[in-house]
There are 2 protein chains.
Amino acid sequence: MAEKTTSTVPKGQKSQFAVPYYEISYDKFFQFGVSVDCVVFGYHENRLKILLIKRGAAPFMGMWALPGDLVYPNENIDVAAQRILRDLTGIDNLFMEQTKVYGQVDRHPAGRVITTGYYSLIDIAKHDPHASAWADGVYWMDLNEVPKLAFDHSDILKDALQILQQRVRHQPVGFELLPEKFALADLQALYEAILNESYDKANFRKRILSMNLLISLKENQKDVPHRPARLYKFDKQRYDELIAKGFSFEL
Amino acid sequence: MAEKTTSTVPKGQKSQFAVPYYEISYDKFFQFGVSVDCVVFGYHENRLKILLIKRGAAPFMGMWALPGDLVYPNENIDVAAQRILRDLTGIDNLFMEQTKVYGQVDRHPAGRVITTGYYSLIDIAKHDPHASAWADGVYWMDLNEVPKLAFDHSDILKDALQILQQRVRHQPVGFELLPEKFALADLQALYEAILNESYDKANFRKRILSMNLLISLKENQKDVPHRPARLYKFDKQRYDELIAKGFSFEL
DNA sequence: CCAAAAGTGTTCATTCTACACCCATGG
DNA sequence: CCATGGGTGTAGAATGAACACTTTTGG
């Protein structure tokens with residue numbers, strides 16, 4: 001920012017270099033609000049879910065929205081995103097990644113607020129308790145049943161889903177949605193839910209196992225009315241090694 | 001932004017819902033500056049280049065930096081990015097895409113400024129004139145020779161390059177860097193420059209041609225001291241059709 | 001013994017890789 | 001006629017898709 005040495009500027013507005021540098025802070029340029037909005041994906045009973053809140057204040061009171069908040073002037077935006085999810089779920093250091101910035105002038109009725117989308121993946125069974133215990137305004141909504149959301153949150157959700165689908169095909173990102181120990185069929189069902197496709201069981205497991213990213217545990221499912229499946233866990237260490245070598249996971 | 005109904009907030013700071021909604025605009029939350037920074041890739045003589053400016057004002061005066069500017073309070077951020085490149089190159093509607101948001105508290109010495117990175121691809125031969133004629137502060141720098149940049153611009157550049165490499169492998173994005181008519185060997189050299197790899201000539205052309213994204217012109221290179229190559233152009237229409245059908249280009 | 005889902009093996013088609021070879025032009 | 005890079009064909013390897021089959025559990 002403020003890097004240009006010359007510039008054409010919109011009529012009636014002076015460039016930031018028309019005034020001494022140290023006055024910039026008090027300038028009309030510093031009037032933006034900054035927020036983050038979180039698209040939290042969960043997975044339960046073969047369905048993709050998303051964490052929504054019911055707004056209890058204007059604007060858009062009573063409408064569904066993504067959890068989000070304004071960023072404090074002395075707060076990094078990544079930290080703000082973590083803070084919001086900590087408030088909702090009680091968990092720190094959740095996997096989170098930026099999606100996009102939304103900078104339309106009129107996107108917030110209260111003033112100029114630009115927001116950054118984040119998406120996150122969590123295992124509902126493990127992390128849900130705090131969220132559902134917290135206020136009456138937080139719910140896991142089936143992705144297929146999400147109504148129109150407040151602000152431009154429908155767009156933010158749409159973009160986040162697309163990015164998730166893209167990620168999941170090229171990086172083993174989906175594991176955060178599963179319990180630590182899982183069967184290959186669970187993983188397959190997860191991929192099918194996210195990508196809206198179906199895969200051949202034999203070929204799916206061959207592909208996944210050939211990547212050597214799963215550690216076969218010496219443990220099986222219990223109390224299932226059929227042959228119990230072998231459980232696996234994700235080998236994070238091996239993944240990091242492969243990534244460091246420029247490996248790209250392709251589904 | 002301002003979506004939560006309850007929240008724990010940093011000590012000593014009140015949530016935006018502790019005050020009536022309509023007062024938010026005058027709140028301490030609205031003190032951010034917002035900027036955009038552009039990573040403009042060009043391509044010339046088998047080398048990837050990037051457009052840099054030499055800063056003529058504090059802070060970081062005299063250092064190399066990405067072209068960027070503060071966003072006006074009434075300006076969409078995408079529009080701001082286009083404006084900056086229009087100033088530099090005289091071209092409107094350049095291909096541009098967001099990379100990431102940079103929201104570290106201390107990233108700008110003049111105050112709290114968050115910035116959004118954009119990358120853009122342009123054909124130097126076609127679009128350069130304005131840039132090089134414009135002031136003495138704008139240069140095409142070989143990507144391998146870029147020094148440490150002002151602010152966190154080195155990070156922004158690094159991320160943008162990574163995103164470009166990712167894009168180029170999955171979408172035919174690189175064409176913007178070439179003249180409208182090009183030979184297959186030019187395209188191959190471009191991919192090799194961006195991805196730092198080399199490909200078998202025969203296999204590369206088979207792969208590219210099998211996608212049916214190139215239109216073979218009835219025209220060859222001229223004045224080359226060897227068999228002149230057939231020229232092609234990118235079939236944008238066909239590309240849009242394929243994308244609409246969920247096609248994904250894989251290199 | 002049956003149902004249900006886990007888990008494996010095989011075949012055939014397709015794609016990828018490496019490499020050899022021919023072609024057209026300027027000098 | 002040579003050097004240079006354009007352009008093509010092919011054999012063998014590797015991968016992928018489809019599908020049949022075996023295994024292990026609970027009821």
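Just so we're on the same page: letters track the sequence lines, and every chain starts at 1. The structure presented is a predicted model; accordingly, all values stated were derived computationally and were not measured.
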Have a look at B:Ile50 and tell me which of B:Leu161, B:Val39, B:Asp142 forms a side chain to side chain contact (heavy atoms under 4.5 Å, CB included) with it. B:Val39
Nucleotide by nucleotide, nucleotides 17-27 of chain C touches protein heavy atoms under 4.0 Å in the pattern (B base, S sugar-phosphate only, - none) BBB---BBBS-
Please say which of A:Thr99, A:Val40, A:Ile77 ends up in a side chain to side chain contact (heavy atoms under 4.5 Å, CB included) with A:Tyr118. A:Ile77
Hey, is CD on A:Gln162 packed in by over 12 heavy atoms from elsewhere, all under 6.0 Å? no
Rounded off to whole Å, could you give me the CZ-to-P distance for the A:Arg230 and D:dT25 pair? 11 Å
Rounding to a whole Å, what distance do you find between B:Arg205:CZ and C:dC16:C1'? 17 Å
Base, sugar-phosphate, or nothing for B:Ala183, non-hydrogen atoms under 4.0 angstrom? nothing
With a cut-off of 6.0 Å (strictly less than), are more than 12 heavy atoms of other residues, nucleotides or ligands near CD of A:Gln237? no
d(CD1, B:Ile208; C1', C:dT15) in whole Å: 16 Å
Answer yes or no: does atom CD of B:Glu180 have more than 12 heavy-atom neighbours from other residues, nucleotides or ligands under 6.0 Å? no
Could I get a table of every N or O pair under 3.5 Å where one atom is in the protein and the other is in nucleotides 12-14 of chain D?
none

Residue A:His170 excluded, over 12 heavy atoms near NE2 under 6.0 Å: yes
Report the distance from atom CG of B:Leu164 to atom CD1 of B:Ile194, rounding to the nearest 0.5 Å. 5.0 Å
Using whole Å, what does the distance between atom P of nucleotide C:dT15 and atom CZ of B:Phe204 come to? 19 Å
Residues two or more places apart in sequence or in another chain: which of them pass side-chain contact (heavy atoms from CB on, under 4.5 Å) with A:Ser198? A:Glu192
Rounded to whole angstrom units, what separation is found between the NZ atom of A:Lys222 and the P atom of C:dA6? 17 Å
Applying ring-ring contact (aromatic ring centres under 6.0 Å, His included), can you list everything that pairs with B:His226, at least two apart in sequence or on another chain? none
Roughly how many Å is it from OH in A:Tyr199 to P in C:dG7, rounded to a whole number? 20 Å
Could you spell out the base pairing of DNA chain C in dot-bracket, with Watson-Crick or G-U pairs whose two distances are under 3.5 Å, [ ] crossing and | to another strand? |||||||||||||||||||||||||||
Between C1' of C:dG7 and CG of A:Leu231, the distance in whole Å: 14 Å
Just verifying a value: how many Å separate B:Leu178 CG and B:Leu121 CG, rounded to the nearest 0.5 Å? 10.0 Å
By ring-ring contact (aromatic ring centres under 6.0 Å, His included) - contacts of B:Phe234 (at least two apart): B:Phe175, B:Tyr239
Atom CG of A:Asn46 and atom C1' of C:dA5: how far apart are they, to the nearest Å? 14 Å
